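A quick write-up on the structure given underneath.
Here the structure is a predicted model, which means the values were calculated and not measured. Every chain is numbered from 1, with letters handed out A, B, ... down the list of sequences.
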There are 2 protein chains.
Amino acid sequence: MPAQVPIPGQPVRGSRSGKPIMALFDLLGRSWTLGVLWQLSEGGLTFRALQDRCEKVSPTVLNRRLKELSASGLVCRGEEGYALTEAGQELFALLRPFGPWAQSWAVMLEDMDSD
Amino acid sequence: MPAQVPIPGQPVRGSRSGKPIMALFDLLGRSWTLGVLWQLSEGGLTFRALQDRCEKVSPTVLNRRLKELSASGLVCRGEEGYALTEAGQELFALLRPFGPWAQSWAVMLEDMDSD
DNA sequence: ATACATCGCTATCAAAAATGTAGCAAGGGG
DNA sequence: CCCCTTGCTACATTTTTGATAGCGATGTAT
């Protein structure tokens, strides 16, 4: 039985209430979801191109994530393969600052470990 | 063998390169990580309080997530139980806009389904 | 001191999800 | 027809998550 797509308003993995933020976290908290959104941000990619970008993702999981993201209106099929929808781009806009933040986080962790 | 904590600079689940953003996505892409950060944003919580807030999390997983988040410098133990570190608060600041966005996403999904 | 409650977990086992690899059906080019 | 790429599906294995019970430590009231 394949996993269900988290839908705001309905109980999801981890929340009886189905609060939108919890549904979103359920979706984003699955392996590769964040990575796929990140990779698609620069333009449409074919299934295999996406697979290559995400070095270690199995086709099984990639396909499942793409279906979930499509059902959630974040991804759709464009001329060049899979692409972010408008909503997907909005979400990515929120995600973008994570890039630079992760950099400084990495530096902080190094300092933390060397002490 | 328990799961390892994703560390920037080292290969992680899903990335040979170990780019910080990929390490971060690996961490955030585990079940309950996002939810825990969210719940801790309003102040320190004890283990059991956290368990109650996250309705369905098992102690096994909660404990594992807390260890990972501690090792990653995002969470530490304060006077009132577990709390966000400074870095954790920075990350939450990036996460906060997801709340309102999730609301409008929920509305969009309803419209999408009713058409 | 004893009884009881609460807290932060750990142990154990079952279920679900992810991984790795192989390969198929469809479409295009030569 | 032959060969190549694309978008997957099948299947077996490993990893992760989930559910439940309960232990040892600490505090508090009796």
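In this structure, A:Trp32 atom CH2 and C:dA17 atom C1' are separated by 15 Å, rounded to whole Å. As a whole-Å value, the separation of A:Arg30 CZ from D:dT15 C1' is 17 Å. We find that CG of A:Leu62 is positioned 17 Å from P of C:dA17, with the value rounded to whole Å. Between A:Asp26 atom CG and D:dT17 atom P the separation is 12 Å, expressed in whole Å. Counting to the nearest Å, the P atom of D:dT17 and the CG atom of B:Leu66 are 13 Å from each other. Distance A:Glu55 CD to C:dT19 C1': 15 Å, rounded to the nearest Å. Distance CG (A:Leu50) to C1' (D:dC8): 13 Å, rounded to an integer number of Å. In this structure, B:Leu45 places its CG atom 14 Å from C1' of C:dC7, rounding to the nearest Å.
Annotation: side chain of B:Met22 is not in contact with side chain of B:Pro8 (no heavy-atom distance under 4.5 Å). Side-chain contact check for A:Leu84 versus A:Leu74: every heavy-atom pair is 4.5 Å or farther apart. For the pair B:Phe98 and B:Leu34, the minimum side-chain heavy-atom distance is 4.5 Å or more.
Between A:Gln51 and A:Gly29, it is A:Gly29 whose nearest contact on DNA chain C lies nearer the 5' terminus.
As judged by a 4.0 angstrom heavy-atom cut-off over every strand, A:Thr46 is placed among residues touching the sugar-phosphate backbone only.
For A:Arg77, the side-chain hydrogen bond (donor to acceptor under 3.5 Å, both in side chains) test picks out A:Tyr82, with sequence neighbours left out.
Within a 6.0 Å sphere centred on CD of A:Gln89, other residues, nucleotides and ligands contribute more than 12 heavy atoms. Counting non-hydrogen atoms of neighbouring residues, nucleotides and ligands closer than 6.0 angstrom, the CD atom of B:Glu80 reaches no more than 12 such neighbours.
Taking the side chain of A:Val61 as heavy atoms from C-beta on, and the options C:dT19, D:dA19, C:dT10, the nearest nucleotide is C:dT19. Among the nucleotides C:dC9, D:dA19, C:dT21, the one closest to the side chain of B:Thr60 is D:dA19. Of all nucleotides listed (C:dG8, C:dA18, D:dT9), D:dT9 comes nearest to the side chain of A:Lys67. The side chain of A:Phe47 approaches D:dG7 more closely than any other nucleotide in the set C:dG20, D:dT20, D:dG7. For A:Asn63, counting side-chain heavy atoms from C-beta on, the closest listed nucleotide (C:dT19, D:dT9, C:dC9) is D:dT9.
Between D:dT16 and B:Arg64, no contact under 4.0 Å exists linking OP1 or OP2 to a side-chain N or O. A sub-4.0 Å separation between OP1 or OP2 of D:dT17 and a side-chain N or O of B:Arg65 is present.
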Acceptor/donor pairs from residues 103-111 of chain A side chains to any protein atom, 3.5 angstrom cut, sequence neighbours excluded:
residue	atom	partner	partner atom	Å
A:Ser104	OG	A:Trp101	O	2.9
A:Trp105	NE1	B:Ser72	O	3.0

Please tabulate, one pair per line, all N/O donor-acceptor pairs under 3.5 Å involving side-chain atoms of residues 36-51 of chain A, not counting sequence neighbours.
residue	atom	partner	partner atom	Å
A:Gln39	OE1	A:Arg53	NH1	3.2
A:Ser41	OG	A:Trp38	O	2.7
A:Thr46	OG1	A:Ala49	N	3.1

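Side-chain atoms of B:Ser70 never come within 3.5 Å of backbone atoms of B:Cys76 as a donor-acceptor pair (strictly under, hydrogens ignored). Checked by atom type and distance alone, the side chain of A:Arg65 pairs as donor or acceptor with a backbone atom of A:Ser31 at under 3.5 Å.
DNA chain C forms stems at C:1-30 with D:1-30, each a run of 3 or more consecutive Watson-Crick or G-U wobble pairs whose two key distances fall under 3.5 Å.
In plain terms, the two heavy atoms of B:Pro20 and A:Ala102 that are nearest each other are CB-O, 3.5 Å. Nearest heavy-atom pair across B:Gly73 and B:Thr85 is O-OG1, 2.6 Å.
Between the side chain of A:Ser31 and the base of C:dA17 there is no donor-acceptor pair of N/O atoms closer than 3.5 Å.
Taking a 4.0 Å limit (strictly below) on heavy-atom distances, residues 77-86 of chain B reaches DNA chain C at B:Arg77, B:Tyr82.
Atom CD of A:Glu86 and atom CG of A:Leu91 lie 13.0 Å apart (nearest 0.5 Å).
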Under 3.5 Å between N/O atoms: give me all the protein pairs with nucleotides 22-27 of chain C, atom names plus distance.
none

